[in-house]
Undergrad: 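If you scroll down you'll find the structure; I have some questions about it.
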Number of protein chains: 2
Amino acid sequence: MEDGTSDVPGITADTTTARAPGPEAQDCDTRSRWECDAEVWQWDAREDCEVRQILDRIADKWSLLAIALLDRRVMRFTELKREIDGISQRMLSRTLRQLERDGIVERTVHPTVPPRVDYALTEMGRSLHATTKALVVWTEAHQERIAAARSAYDEREAALREL
Amino acid sequence: MEDGTSDVPGITADTTTARAPGPEAQDCDTRSRWECDAEVWQWDAREDCEVRQILDRIADKWSLLAIALLDRRVMRFTELKREIDGISQRMLSRTLRQLERDGIVERTVHPTVPPRVDYALTEMGRSLHATTKALVVWTEAHQERIAAARSAYDEREAALREL
DNA sequence: CCGTATCCTAAAGGATACTG
DNA sequence: CAGTATCCTTTAGGATACGG
């Protein structure tokens, strides 16, 4: 798959029953792992943290968009391609497969000719969308303030360089 | 800055008062833009959509992590570097500057020697963290189901290839 | 201590062509 | 229609060295 041989490095394995970190799996000094103990709430800053890998998937260039569209209704491959401005066939295919593998999206092939393939969110997918939607809403609500912050920052920088 | 001359392509400019797209800024057929009209809720699938650019920033490899750490307390550069496993000085520096530019993080230089620099979340930063936290919590809560879905998918795939 | 500058590699992703 | 395969460009990001 893909150019070389790389295909999702070390994820498929070692997904035992999760959560239990084991007694110091890696090197390094002792620091917190899943401090869900109470108020503190720190998620693992380690590279091998599974949450980080899942988040990286979710937050890639196209996933959120595909999920948002599929939350509205079941869609076919070409429909999605049309709706998502700028996506290549390759990336749509890969994105959908990842989402399917993660149990976010369900793919249904109708054995007709020409073939018809439907993509729909799973229950977990809808649950995810509810959460990501909040993030998009936040971004939308704050985009003006962010734009303002950027302008201010850039102006300050420009002023400094003019000295 | 950076290798060549690239520096945040088309963002610094044209951040007028935001929101108003203007009469068909780009090419392309007419489709929905900010359908916040009512229930529909579709965020712009276009490439030039500002929300997408902001989300891409937020969802990069390190931002969420830095924000999560800073939500707990003010931290110094080297502290952050120590806490975030695997980050390079370069990326920490860049991440923090982006967040500062976006108004998420506030940077305070104490004119001592050796220099001491504090990083803290702004009000907007704390607000953002409240939202992203929900996403992390979701991921955490569903990681076992995701792992299971992956295993199932991989097994199905392996079975198909064995035919 | 807190960075920036330079160099370089690896991964993401687009374009295109081809298949069931 | 719904993809896969191949090739190639662009970007992200690590390593290192140096500066204030």
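Proteins get letters first, then strands, A, B, ... in listed order; numbering begins at 1 in each. Keep in mind that what you see is a predicted model, and the values were worked out from it rather than measured.
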Undergrad: Could you tell me how far apart Phe77(A) (CZ) and dT4(D) (P) are, to the nearest whole angstrom?
TA: 8 Å
Undergrad: Hey, are Arg150(B) and Asp102(A) close enough for a salt bridge, meaning a charged N less than 4.0 Å from a carboxylate O?
TA: yes
Undergrad: Ser93(B): which residues meet the side-chain hydrogen bond (donor to acceptor under 3.5 Å, both in side chains) condition with it, sequence neighbours left out?
TA: Arg97(B)
Undergrad: Can you tell me which residue pairs pass the salt bridge (charged side-chain N to carboxylate O under 4.0 Å, His left out) test with a partner in residues 106-117 of chain B, sequence neighbours excluded?
TA: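 Salt bridge (charged side-chain N to carboxylate O under 4.0 Å, His left out) check on residues 106-117 of chain B returns Arg116(B)-Asp118(B).
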Undergrad: Atom CG of Leu99(B) and atom P of dG3(C): how far apart are they, to the nearest Å?
TA: 13 Å
Undergrad: Does Arg107(A) have a side-chain nitrogen or oxygen under 4.0 Å from the phosphate oxygens OP1 or OP2 of dG3(D)?
TA: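 Yes, such a contact exists.
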Undergrad: Would you please name every residue forming a salt bridge (charged side-chain N to carboxylate O under 4.0 Å, His left out) with Glu155(A), sequence neighbours left out?
TA: none
Undergrad: State whether Lys61(A) places a side-chain N or O below 4.0 Å from either non-bridging phosphate oxygen (OP1 or OP2) of dG14(C).
TA: yes
Undergrad: Tell me: CD of Glu157(B) to C1' of dT4(D), nearest whole Å?
TA: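 To the nearest whole Å, that distance equals 13 Å.
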Undergrad: To the nearest angstrom, how far is Glu100(A) atom CD from dA2(D) atom P?
TA: 14 Å
Undergrad: Whether Ser93(A) contacts dT4(D) is assessed here as follows: a side-chain N or O lying under 4.0 Å from the phosphate OP1 or OP2. Is that the case?
TA: yes
Undergrad: Glu123(A): which residues meet the side-chain hydrogen bond (donor to acceptor under 3.5 Å, both in side chains) condition with it, sequence neighbours left out?
TA: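 Here the qualifying residues are Arg126(A).
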Undergrad: At under 4.0 Å between heavy atoms, how does the protein contact nucleotides 15-20 of chain C? Give one character per nucleotide, 5' to 3', with B, S or -.
TA: B-B--B
Undergrad: Under the rule for side-chain hydrogen bond (donor to acceptor under 3.5 Å, both in side chains), what residues qualify as partners of Arg156(B), not counting sequence neighbours?
TA: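 Expected list: none.
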Undergrad: Measure CG/Leu92(A) against C1'/dC1(D) and give the value in whole Å, please.
TA: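 Atom CG in Leu92(A) sits about 13 Å away from atom C1' in dC1(D).
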Undergrad: Identify which nucleotide among dC1(C), dG13(C), dT4(C) has an atom closest to any side-chain atom of Arg97(B), counting heavy atoms from C-beta outward.
TA: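 Of dC1(C), dG13(C), dT4(C), dT4(C) is nearest to the side chain of Arg97(B).
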Undergrad: Nearest whole Å is fine: how far is dA5(C) P from Met91(B) CE?
TA: 15 Å
Undergrad: Only stems of 3 or more consecutive Watson-Crick or G-U pairs count here, both distances under 3.5 Å; name the ones for DNA chain C, or none.
TA: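 Looking at DNA chain C, the stems formed by three or more consecutive pairs are C:3-20 with D:1-18.
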Undergrad: Starting at CG of Leu64(B), measure out to CG of Asp71(B) and round the result to the nearest 0.5 Å.
TA: 12.0 Å
Undergrad: Among residues two or more places apart or on two chains, list those pairs meeting ring-ring contact (aromatic ring centres under 6.0 Å, His included) that have a residue in residues 74-121 of chain B.
TA: none
Undergrad: Can you tell me the distance, in whole Å, between the CZ atom of Arg94(A) and the P atom of dA11(C)?
TA: 12 Å
Undergrad: By side-chain hydrogen bond (donor to acceptor under 3.5 Å, both in side chains), which residues pair with Ser63(A), not counting sequence neighbours?
TA: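 Result, side-chain hydrogen bond (donor to acceptor under 3.5 Å, both in side chains) vs Ser63(A): Asp60(A).
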Undergrad: Between Gln53(A) (CD) and dA11(C) (P), how many Å, whole number?
TA: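 Rounded to whole Å, this separation is 14 Å.
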Undergrad: At less than 4.0 Å, is any side-chain N or O atom of Tyr119(A) found next to OP1 or OP2 of dG3(D)? Yes or no.
TA: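 Yes, Tyr119(A) has a side-chain N/O under 4.0 Å of OP1/OP2 on dG3(D).
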